[in-house]
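Position 1 is the first residue of the sequence; numbering continues from there. As the structure is a computational prediction, the values presented were derived from the model and not from experiment. Just so it is clear, the values below take in all heavy atoms, side chains as well, and ignore hydrogens, waters and symmetry mates.
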Amino acid sequence: MPIPLLPYPKELTETGGLFNTKHCTLTVQPGIDRRVLKKAAALKTELDRADNTCHLFLPSAGNLGQIAVCLNPVLKPEAYTLQILPEKIELFGGNAAGCFYGLQTLQQLITLYKGELPTLCINDAPDFAYRGFYHDATRGRVPTVAGLKKIIDRLAALKINSLQLYVEHCFDFKEFENADRTPNDYLTAAELLELDDYCYEKFIDFVPSLATFGHLYELLNLKEYRPLCELQNFKPQKHFWYERMMHHTIDPLDPKSFSLVCSLIDQYLPLFRSNYFNICCDETFDLARGKNAGKDAGRLYCDFVNKLIQYVAQKGKKVMMWGDIALRHREALKNIPQSTLFLNWDYGPNPLQQNVTTVKNSGFQQIVCPGTSAWARLIENPQTAVPNILKMASYGRQAGALGLLNTNWGDYGHPAPFACSLFGTCVGACAAWNSETVVDADFEQAVSLLVYQTTTNLVPLIFAVSAAQNTATWGQFFNWAQTHSSAEFQSTAEEIKSSVQALEQAILTLQGLPGQGKNAILQRLTTATEGVLLLNKAALRLKNSQPTAPLKPQAKSFLAAYRSQWLEECKSSDLNEIEQFILNIFAS
């Protein structure tokens, strides 16, 4: 078995010896970026714990220590070399980021081997300059600063260099000052500034991402701004989780619309040091279906988007935007400024390479955007995510894309915690670093050791829980809540029974893992699996025309654990709505 590292280095040669870390000295080249110094100091603490001895940390001592961190400008930016010899360790980075990534690899080796590291030689560099993670902070689960810092730490360990949060209404915009909400419903300027600094320390570019055209449901539901909605006299037909996703698009021909969106940008953009700004502009479903019915939707789209691009560009930012509408209205690809960076998304197991080729041939720079497939579920769906991510990475590399942005959406209340999207997150990070990443048993073991922190290969279990979730999904129950028809559950009773058995076995396996009581990730996987089991049991009773009430005590027990885990990393946000949604399933 190869040494289990994430991402796996481009070149790794083992030389058959050992380096003993006891009492060694860690030194860093004089004048190096302070962020590298901080990472090296943290690594010294890791060494102290790993071999139970004290180690000297001598910043600005050059290559005098047994572990030396230095720059080598001959290497490419973000590249590094790591040579572990029996008598010393030499780490060279092409720039400060390269040194940081080399230290991340060395930290993984210390985690795996404690005080006796295998001698080896690593030459490593990323395939993509942009390696991003996109996290939904809008559709139900608003993270706390502490929760986001844990995510950022995880991303940094995987050599991700960009983070975006999806934001519609979940910021302290002045437009919502009279809305019925509390600080538990949104992020504040102080919080985002703190997160921007924290990302910077980890060599992560915290990119502002803001809905500015479609997906303005909460804003345009406010009495003051309702006249700017494309849809006149709109009356919601379903739960707000659905309506938020499908509506509202702002009226692009009303001058007040542009002024309103500019106000949002002006409040949000200054909180980030990034040179990028993502204006989103995706899924403008309502466009030309209300006030502007009969007009050319493509022209309406281009004209408004171009105004936004010009406005943001004047503030010195490079504009990112989702590519779905421009690909649908190909004239947009001719009329939108070539300086625009397209985020080209496709989330199916067989994404279309043609979309990536089309953007390339149109002369635009692009970032390919696969997804974790963890949305509208309690736990991710790796059966879809793995082929989606690997194919999109390959398409992007062939097309010369700037990078890969792995998305983690939160449809229908964002029921899945970040821990339950971790496998897809790891696959995305590794494919962004090495587009030829192979997800095999060795990869699964590396994720289990370094991420799930267990010697048991947990990935087959996650696949099994995901498959069992498909017989009674969160989305199916959302539809059932509207119709109360058991026809929403398309699986047979026998298929659901099979899922119940598989889930009961998965829970026993998870509960029996060593250290389960102290492992927050395993706890969340266990709770999510218990939730999937509950939904399958409820679906089986509904298909058999039996009341679900006998399961209510189990539902309350599940929700107690779910609430506790939610509040450890997120604001309450839509938690009460999630709880009520679940309790309604078991109400009769």
Side-chain angles (χ1 to χ4, degrees), residues 1-6 21 42-43 45-53 104-118 144 146-158 372 374 378-380 382 416-427 429-430 441-466 468 502-533 557-570:
M1 175 183 173
I3 293 175
L5 295 172
L6 297 172
T21 65
L43 189 72
T45 303
E46 292 286 336
L47 283 167
D48 291 348
R49 283 197 292 259
D51 63 17
N52 294 312
T53 68
Q104 294 286 18
T105 298
L106 185 54
Q107 181 175 333
Q108 289 186 12
L109 289 167
I110 293 167
T111 298
L112 292 166
Y113 298 104
K114 306 303 180 186
E116 290 192 330
L117 306 182
T144 60
L148 273 171
K149 284 182 176 179
K150 290 179 182 178
I151 292 176
I152 292 163
D153 288 342
R154 180 72 62 190
L155 299 177
L158 293 168
T372 63
L378 283 166
I379 195 168
E380 61 193 305
F418 176 69
C420 292
S421 62
L422 265 176
F423 186 67
T425 299
C426 292
V427 175
C430 292
D442 290 336
F443 181 89
E444 293 174 1
Q445 192 63 48
V447 174
S448 296
L449 287 168
L450 293 170
V451 177
Y452 298 124
Q453 300 166 13
T454 177
T455 56
T456 301
N457 182 355
L458 271 189
V459 178
L461 182 145
I462 292 169
F463 270 80
V465 173
S466 173
L503 291 162
E504 289 174 338
Q505 182 57 53
I507 291 169
L508 289 175
T509 300
L510 285 165
Q511 290 174 338
L513 291 173
Q516 217 269 2
K518 297 181 179 179
N519 188 319
I521 296 172
L522 296 184
Q523 290 169 6
R524 281 151 179 74
L525 287 173
T526 302
T527 299
T529 304
E530 291 170 344
V532 175
L533 174 60
S557 176
F558 159 74
L559 284 173
Y562 186 82
R563 166 174 278 272
S564 175
Q565 292 167 10
W566 177 300
L567 293 176
E568 286 176 8
E569 54 204 24
C570 297

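- Atoms CD and CG, from Glu530 and Leu525 in turn, are 11.0 Å apart once rounded to the nearest 0.5 Å.
- The main-chain N or O of Phe423 is found under 3.5 Å from a side-chain atom of Glu380 such that the two form a donor-acceptor pair.
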Inset, instruction - Start with the C-alpha distance between Ile151 and Thr425, add both sets of side-chain angles, then the distance that settles side-chain contact (heavy atoms from CB on, under 4.5 Å), and finish with yes or no. - result: CA-CA 10 Å; Ile151 292 176; Thr425 299; over 6 Å; no

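- Among Leu378, Thr529, Ile507, the single residue meeting the side chain to side chain contact (heavy atoms under 4.5 Å, CB included) criterion with Val465 is Thr529.
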Inset, instruction - In sequence, state the C-alpha distance, the side-chain angles, and the governing distance for Arg154 and Val451, and then conclude on side-chain contact (heavy atoms from CB on, under 4.5 Å). - result: CA-CA 8 Å; Arg154 180 72 62 190; Val451 177; 4.0 Å; yes

Legend entry - Full working for side-chain contact (heavy atoms from CB on, under 4.5 Å) between Leu106 and Leu43: CA-CA 9 Å; Leu106 185 54; Leu43 189 72; 3.5 Å; yes

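- Proximity of Leu533 to Phe558: side-chain heavy atoms (C-beta onward) are nowhere separated by under 4.5 Å.
- Scanning both residues, Leu450 and Pro4, for their nearest heavy atoms gives CD1-O, 3.2 Å.
- Looking at every heavy atom in both residues, Asn519 comes nearest to Tyr452 through ND2-O, 2.9 Å.
- A donor-acceptor pair under 3.5 Å links the side-chain atoms of Ser448 to the main chain of Leu458, judged by distance alone.
- Residues Thr509 and Leu461 have side chains in contact (heavy-atom distance under 4.5 Å, counting atoms from C-beta outward).
- Closest heavy-atom contact between Cys420 and Ala374: O-CB, 4.3 Å.
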Inset, instruction - Applying side-chain contact (heavy atoms from CB on, under 4.5 Å), run through Gln523 and Gln565 and close with a yes or a no. - result: CA-CA 9 Å; Gln523 290 169 6; Gln565 292 167 10; 4.1 Å; yes

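- Considering CD of Gln107 and OG1 of Thr111, their distance stands at 5.5 Å, rounded to 0.5 Å.
- A 4.5 Å side-chain heavy-atom check between Lys150 and Phe418 finds every atom pair outside the cut-off.
- Contact check for Ile462 versus Pro382: side-chain heavy atoms found under the 4.5 Å cut-off.
- Scored by the side-chain hydrogen bond (donor to acceptor under 3.5 Å, both in side chains) test, Glu568 finds Arg524 as partners (sequence neighbours excluded).
- A donor-acceptor pair is defined here as one N or O able to donate and one able to accept, closer than 3.5 Å; such a pair exists between the side chain of Gln445 and the backbone of Thr455.
- Between atom CG of residue Leu47 and atom OG1 of residue Thr21 there is a gap of 5.5 Å, rounded to the nearest 0.5 Å.
- The two atoms that bring Asn457 and Pro460 nearest to each other are OD1-CD, 3.2 Å, heavy atoms only.
- Using a 4.5 Å cut-off on side-chain heavy atoms (C-beta onward), Leu5 and Leu109 make contact.
- When every heavy atom of Ala468 is checked against every heavy atom of Leu503, the shortest pair comes out as CB-CG, 3.6 Å.
- Going from atom CG of Leu508 over to atom CG of Leu513 covers 11.0 Å, rounded to the nearest 0.5 Å.
- Listed here is the closest heavy atom pair of Phe443 and Leu6: CE1-CD2, 3.9 Å.
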